[in-house]
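Below, chains carry the letters A, B, ... as their sequence lines are ordered, and counting in each starts from 1.
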Protein chains: 2
Amino acid sequence: MTQKGITLKDVAAAANVSRATAARALNSYGYVGDGTALRVLEAAERLGYRANLVAQALRSGQLPIVGFIPGDIQNPFFARIAHDIEAELRRHRHNLLIASSEENVEQEKELLESLRSLSIRGFILAPTSATDSQHIVQLAREGTPVVLIDRVVKEVHCDSVIVDNEGGAREAVDYLVANGHERIGLLRDESRIFTAQERFAGYQNSLVSHGIALDPWLVSVSRSTVEHAIEATIRLFSRRDRPTALFTVDSLMTQGALLGLRSMGLSIPHDVSLVGFDDFNLATFTDPQITVVAQPTSEIGPVAAKMLLDRLAGKKLAPRHTRFPTRLIVRGSVSQLHGR
Amino acid sequence: MTQKGITLKDVAAAANVSRATAARALNSYGYVGDGTALRVLEAAERLGYRANLVAQALRSGQLPIVGFIPGDIQNPFFARIAHDIEAELRRHRHNLLIASSEENVEQEKELLESLRSLSIRGFILAPTSATDSQHIVQLAREGTPVVLIDRVVKEVHCDSVIVDNEGGAREAVDYLVANGHERIGLLRDESRIFTAQERFAGYQNSLVSHGIALDPWLVSVSRSTVEHAIEATIRLFSRRDRPTALFTVDSLMTQGALLGLRSMGLSIPHDVSLVGFDDFNLATFTDPQITVVAQPTSEIGPVAAKMLLDRLAGKKLAPRHTRFPTRLIVRGSVSQLHGR
DNA sequence: TTGAAAGCGCTAACAT
DNA sequence: ATGTTAGCGCTTTCAA
């Protein structure tokens, strides 16, 4: 046993002062005589005193912890953001509690519900559903600071950090069209997810602006996992009159598409051209390398963390919304379609 | 404002009982009249009562939170483990606080130090250093349950979950030798890291058992990031009389090697054969696919979480150590060396 | 079967 | 400049 259970009382006793004075010295507020302060500090040091944050939290009603609820911590996109948030919070002596919703609204609700009992100071959240959002509205209304990332929910008025999904998707499809493609497949995730909606809109808008009719058969919906995306890809390309190009709405689905196409013996870009939303490590390792719409992943975490920290510091501002632009990175997965 | 700040007192008042009785009814212990219990439960329900975990923690000295300190949450290996631990903890109504050490011992110490004030119930930790470990010893000695994963520290007596690093590395190098390679490069990370030591031992042992002398020039040390590994690879292969094969000790370094070799115009497996420790998504997307030593990543998290949960439940057992076997997955990145 | 009261460790209003 | 005291929300003796 070592310096476990050294409390303020012990320090106060050792320094021959009251607990109040000891607290003042330790947290440097109010009046404390110089000599006294020194004695207290010295005693605390000697005893190995460490303030009990739980006790502080009971009084203040706030634990120095922020909750992060991503769709899936295994998605490198979220892992990167988690890392950045954590680093930023650490600078402000806060900790990060991570709980994945696993893209399941019910789980998201339960998580939020259970975390509220913990007096968590605020949340950074990637809501699973763009519509089922009463639980978030509720949370925000109670005064708990919330920052939405990657996705946004209409009814909720709080800070948010997202990217230009519509523009990014549109640019991707524009690029495909510019290369002569007209039968452009879309591999998208469930429409309850905000980004799915916006990216789908970009796909549509691009087609419309080029006078290309939207063919529902070219759109395949799947869950956002490599496995599901493989199946969806195979479904899409098993039809005769298959697409000449494919746009995938996130990196996991892009990977699934890669695998699905390979399993069908379809080569990129010879048989099929491919553009994916969200850049990922793997994209530069394949041959050819994959053309993608890149998001400024490294900026999202820090910005979101700072927004939340501002709220925790008590700043009363109107909700702020950051929307980052995306960037098309042309690599080698799109070919000029001949016979045009 | 909604059901914020409903306390036990409110529930007790609403049910016309004392706080003590309300607590008994809510937590079902001690004697409570059936009718009374019902009234209390009903009142709690109606008021939307939620127990204040911080207050409970102040009494019990324990917050239902477990700390996870990986080297880097962005490493898919740790992200997967984090996910699995979290899922397991959730079943036992515990939460997971994640803080990366970023492979920095000092940061690891600070993290632990600051988290102790939080009355965290236990830790799952991948220690950055195999030697600098007093802080962990200390922690364990104070009675805080600790489970070590991926890496282990001699002086610390606690549960651990690791894999057969030596055996896995040996098998990889054996395989290279069996394919006629003798000049086998090693890309390893810093020797303070436990896994680095064991994997290096496996490399050595294999060479020795085949009567091949260890050539220090063939060993390149680098930090475990893609960028550093690229440089180290280039360094290794810039020498004349370069290796015919390369063994990399983790997936980030394998990626770095891939990139480094490509930048030098060296093709796999024609110019260089490659085997990496730790399987990763990308390994099957490259052409050729990469031969790797796979770890049972999906088993580590659940086992570690269960060990910790046992401790939290108060089980007094001798420290348990699980060491999982590894498995060589032969794909296409190794070629039979001619002229042998 | 229930209630009163103490106390977990800390802070802050109030008094001195 | 310092001490006294009350109380954050909860659990748990102890007494009734």
Query raised in the report: Can you list every pair that meets salt bridge (Lys or Arg N to Asp or Glu O under 4.0 Å) and has a residue in residues 13-37 of chain A, with sequence neighbours left out?
Result: none
Query raised in the report: Do any pairs count as a salt bridge (Lys or Arg N to Asp or Glu O under 4.0 Å) and have a residue in residues 307-316 of chain A, sequence neighbours left out, and if so which ones?
Result: A:D159-A:R311, A:D310-A:K315, A:D310-A:R320
Report task. For B:S60, answer base if it contacts any base atom (sugar-phosphate contacts may also be present), sugar-phosphate if it contacts only those atoms, and nothing otherwise; contact means non-hydrogen atoms under 4.0 Å. Result -> nothing
Query raised in the report: Excluding sequence neighbours, so at least two apart, what forms side-chain hydrogen bond (donor to acceptor under 3.5 Å, both in side chains) with A:E106?
Result: none
Report summary line: For B:E190, the salt bridge (Lys or Arg N to Asp or Glu O under 4.0 Å) test, sequence neighbours excluded, returns B:R192
Query raised in the report: Under the salt bridge (Lys or Arg N to Asp or Glu O under 4.0 Å) rule, what pairs show up with a residue in residues 126-138 of chain B, not counting sequence neighbours?
Result: B:K109-B:D132
Query raised in the report: Which is true for A:V54 with a 4.0 Å heavy-atom rule: it touches a base, it touches only sugar-phosphate, or it touches nothing?
Result: nothing
Requested in this report: Just jot down the side-chain hydrogen bond (donor to acceptor under 3.5 Å, both in side chains) partners of B:H92, sequence neighbours excluded, or say none.
Outcome: none
Report summary line: The bend of the helix from C:dT1-D:dA16 to C:dT16-D:dA1, taken between the axes of its five terminal pairs at each end and rounded to 10°, is 50°
Requested in this report: Answer yes or no: is there a donor N or O on one side and an acceptor on the other, between the side chain of A:T36 and the main chain of A:V32, under 3.5 Å?
Outcome: no
Requested in this report: List the protein contact pattern of nucleotides 8-16 of chain C with one symbol per nucleotide (5' to 3'): B for base contact, S for sugar-phosphate-only contact, - for none; contact means a heavy-atom distance under 4.0 Å.
Outcome: BBBBBB---
Requested in this report: Not counting sequence neighbours, list each pair that qualifies as a salt bridge (Lys or Arg N to Asp or Glu O under 4.0 Å) and has a residue in residues 61-80 of chain B.
Outcome: B:R80-B:D84
Query - Non-neighbouring partners of A:R223 that pass side-chain hydrogen bond (donor to acceptor under 3.5 Å, both in side chains), sequence neighbours left out - result: none
Query raised in the report: In chain order, what residues pass the side-chain hydrogen bond (donor to acceptor under 3.5 Å, both in side chains) check against A:Q62, with sequence neighbours excluded?
Result: A:R121
**Report entry** Nucleotide interval of DNA chain D bounded by contacts with chain A (heavy-atom cut-off, under 4.0 Å)
**Finding:** D:dA1 to D:dG9
